[in-house]
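Down below is the structure, laid out as structure tokens.
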There are 2 protein chains.
Amino acid sequence: MTASIKDVARAAGVSPATVSRALGKGPVSEALRAQVMEAVRVTGYRPNLAARRLRSQESGTIGLILADIGNPFFTGVARAVEAAAYEAGLRVLLCNTDEDPEREASYLALMQEERVTGLILAPTRATADRLAEAPPAMPVVLIDRPGPAGLFDSVLLDNAAASAALVDHLVAQGYRRIAGLFGQTSGTGVERAEGYRATMARHGLAPSWRFVPPQAEAAEAGFAALSREGQPEAVLASNSLLLMGTLQAVRAKGLRIPADLALAGFDNEPWTGLVEPGVTVIEQPLAEIGRQAMALLFERLRAPDAPVRKVMLSGRAILRGSTAPRRVLASML
Amino acid sequence: MTASIKDVARAAGVSPATVSRALGKGPVSEALRAQVMEAVRVTGYRPNLAARRLRSQESGTIGLILADIGNPFFTGVARAVEAAAYEAGLRVLLCNTDEDPEREASYLALMQEERVTGLILAPTRATADRLAEAPPAMPVVLIDRPGPAGLFDSVLLDNAAASAALVDHLVAQGYRRIAGLFGQTSGTGVERAEGYRATMARHGLAPSWRFVPPQAEAAEAGFAALSREGQPEAVLASNSLLLMGTLQAVRAKGLRIPADLALAGFDNEPWTGLVEPGVTVIEQPLAEIGRQAMALLFERLRAPDAPVRKVMLSGRAILRGSTAPRRVLASML
DNA sequence: ATGGCGACTGGGAACGATTTCATTCAACCC
DNA sequence: GGGTTGAATGAAATCGTTCCCAGTCGCCAT
């Protein structure tokens, strides 16, 4: 229906090859170039990307598969990735799996069919495993979540250290019965849980934890379950959704923070600073994660056989009122 | 590099046409179909979408251009759109403009070049105007923001009514000096401002308002400016970012809500219920907006010449503590 | 037996761009 | 002036599919 390069060629009185060169970078005389531009204007020509990709055998697109487009962590990363891609003249094909391994698999297939140049991926644990058996045909960079060891470039947070920092902080503030809620679909949840467990052990404290689906409602239920095992003095939540769910549960039960329960978690979302008291969190360097992922991808495209790299970034603890020093007397009244 | 349909054909001992039919819906004997499937497995064949699209002249993709991927309003809509598209066997090409008309134009061009089947768009005011002059080649459905009257199908909130409801509520609660902060990039901001202005006039109250860029920092500055014109008793913010910025400013100044300042706005984001007191908001039917947009798009594809339709949805007021009745005595102490 | 029909299959022409290769033509050097 | 160079242009092949068209084959009715 719409004009093709032949229509433009006819309108300009030149061959299709010349039109292609005039629009691309080939050598074309100024006169003809002007004629072509005019013909493009007249015909309303827009290049057909499908045809271009088919012929040139490159998509000019990188794929980005995220677990949850509603999670500000991922949207932050997506922004950075898109900015870097835009700068490099690449498009981003963004897909959202909602933590569903089936959709993840379907999007992985899609990425192959689109012949994307590279792929940035935050895999669920299920997919991380499968990735080793059937590696995609294009370069892959994993973000946020670990994959099969040593197979893919990756950008990760030092989750164990971050968890340890939170536990250390809580202990220093006088809390002992520290419970943990961790996301069960991601390797990240596992790492954070492990950091929590190890640090609790180091302090000689007994851990009390649960893996739950990464949804606020699940966190509410998880918190209720933890409470039944013995009321904790503090709760550590491994992502912002779980943190929010916990806070909702706390509000519903009418508990005071931090007098009845201290709270700490991950991701410095705006609301964590708006509630009162503010919630202590580990802030992740979202933009840096996105930038590094793109950088790794470009490196890999340039040198396909270079050794696999793993970029480990550190979170920054933002201490707020939710983890104020424990006042034993007040809580005993 | 990767296997093509010819490779599969060779491996299966049939013609490419037969492979195509075996994978599609054409009539193929069971025996050959099995052979083909086996050959697909062996060769690791994945269809090339660029080639398929070129030949079949349809992209199987709908475009979705949003102003701000970080805004939960848009991610909510995007989810619903994607779900509906998935059900219809279509892909979604999601693009984020960050309210930048230039990027909007560039993505509009991209959508043409991708030959998307249809387009769902939340235009800035600048783009809404340009849309009339150079209408895209494919069906367009506008969401959230009005465009050139009568040209495109659209799904909109009854913004004037929503603003009116908030103002009426504030007045009923005893507030008089009600200020407004509205987003300047969207037609939605204009409509909400107009609803605010009209309703204030109906109550015989003097409006005090500002249009600001849709960012939290801009809202802080805008609030400061409004305060200089005379301390308001209540503030109405036309979207969640402005609402958040206003709340940040309020916290920074140490004002109490609602004693020193009542607060109301748009979008029922989780944090509006988590802060204390909770913030009164208009909840928008995100999923319904997405569903309706897809429904309009499908209708349009089926009947390209049907009259233009405009679906007007209503918001739901969620009343919380931030607009509790004004206690004159308390505030005078 | 013949014709017709239906189901299946292969050949080959598209789809719209890019790119190789050959051709033209003007300018230039000795 | 003839041969050489180089830039500009066009013809045609090509990318991987789909799909129209024609052909084959078995089967059934006449």
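Note that the structure is a prediction, hence the values are computed from the model and not measured. Chain naming here is simple, since letters A, B, ... match the order of the sequence lines and numbering starts at 1 in each.
A straight line from CG of A:Leu32 to P of D:dA7 spans 17 Å, rounded to a whole angstrom. A straight line from CZ of B:Arg10 to P of C:dG11 spans 13 Å, rounded to a whole angstrom. Spacing between atom CD of B:Gln35 and atom C1' of C:dC8 amounts to 14 Å, rounded to whole angstrom units.
At a non-hydrogen distance threshold of 4.0 Å, B:Leu54 from residues 37-54 of chain B come into contact with DNA chain C.
Using a cut-off of 4.0 Å between Lys/Arg side-chain N and Asp/Glu carboxylate O, A:Glu299 and A:Arg302 are scored as salt-bridged. Looking at B:Arg91 and A:Glu113, no side-chain N of the basic residue comes within less than 4.0 Å of a carboxylate O on the acidic one, giving no salt bridge. Using a cut-off of 4.0 Å between Lys/Arg side-chain N and Asp/Glu carboxylate O, A:Asp305 and A:Arg300 are scored as not salt-bridged. Salt-bridge formation is detected for the pair A:Arg145/A:Glu99: a Lys NZ or Arg NE/NH1/NH2 atom is positioned less than 4.0 Å from an Asp or Glu carboxylate oxygen. Ion pairing between a basic and an acidic side chain is recognised when a charged N comes within 4.0 Å of a carboxylate O; B:Glu82 and A:Arg103 show such pairing. Ionic pairing of A:Glu58 and A:Arg52 is not present here: no N-O contact between side-chain nitrogen and carboxylate oxygen is shorter than 4.0 angstrom.
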List every contact pair, protein side and nucleotides 19-25 of chain C side both N or O, where the distance is under 3.5 Å.
from, atom 1, to, atom 2, distance (Å)
C:dT19, O4', A:Arg55, NH2, 3.1

N/O to N/O distances under 3.5 Å, protein versus nucleotides 22-26 of chain D:
none

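No side-chain N or O of A:Thr97 forms a donor-acceptor pair with one of A:Glu104 less than 3.5 Å apart.
In terms of phosphate contacts, A:Ser29 brings no side-chain nitrogen or oxygen within less than 4.0 Å of OP1 or OP2 of D:dA7. An OP1 or OP2 oxygen of D:dG16 is reached within less than 4.0 angstrom by a side-chain nitrogen or oxygen of A:Gln57.
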Exercise. Run the side chain to side chain contact (heavy atoms under 4.5 Å, CB included) check on B:Leu296 and B:Arg309 step by step: do they pass?
Worked result: CA-CA 8 Å; B:Leu296 283 185; B:Arg309 272 166 316 172; 3.7 Å; yes
Problem set entry | Derivation and outcome, side chain to side chain contact (heavy atoms under 4.5 Å, CB included), residues A:Asp98 and A:Asp68 | CA-CA 5 Å; A:Asp98 275 333; A:Asp68 181 2; 4.2 Å; yes
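Note on B:Val14: only backbone sugar-phosphate atoms sit closer than 4.0 angstrom, heavy atoms only; bases stay farther off.
Where B:Ser15 and B:Arg115 meet DNA chain C, the nucleotide closest to each residue was compared, and B:Ser15 sits on the side nearer the 5' end.
Residues A:Thr61 and A:Leu90 form no side-chain contact, since every pair of their non-hydrogen atoms from C-beta on lies 4.5 Å or further apart. Put simply, the side chain of B:Ile62 reaches to within 4.5 Å of the side chain of B:Leu297, judged on heavy atoms.
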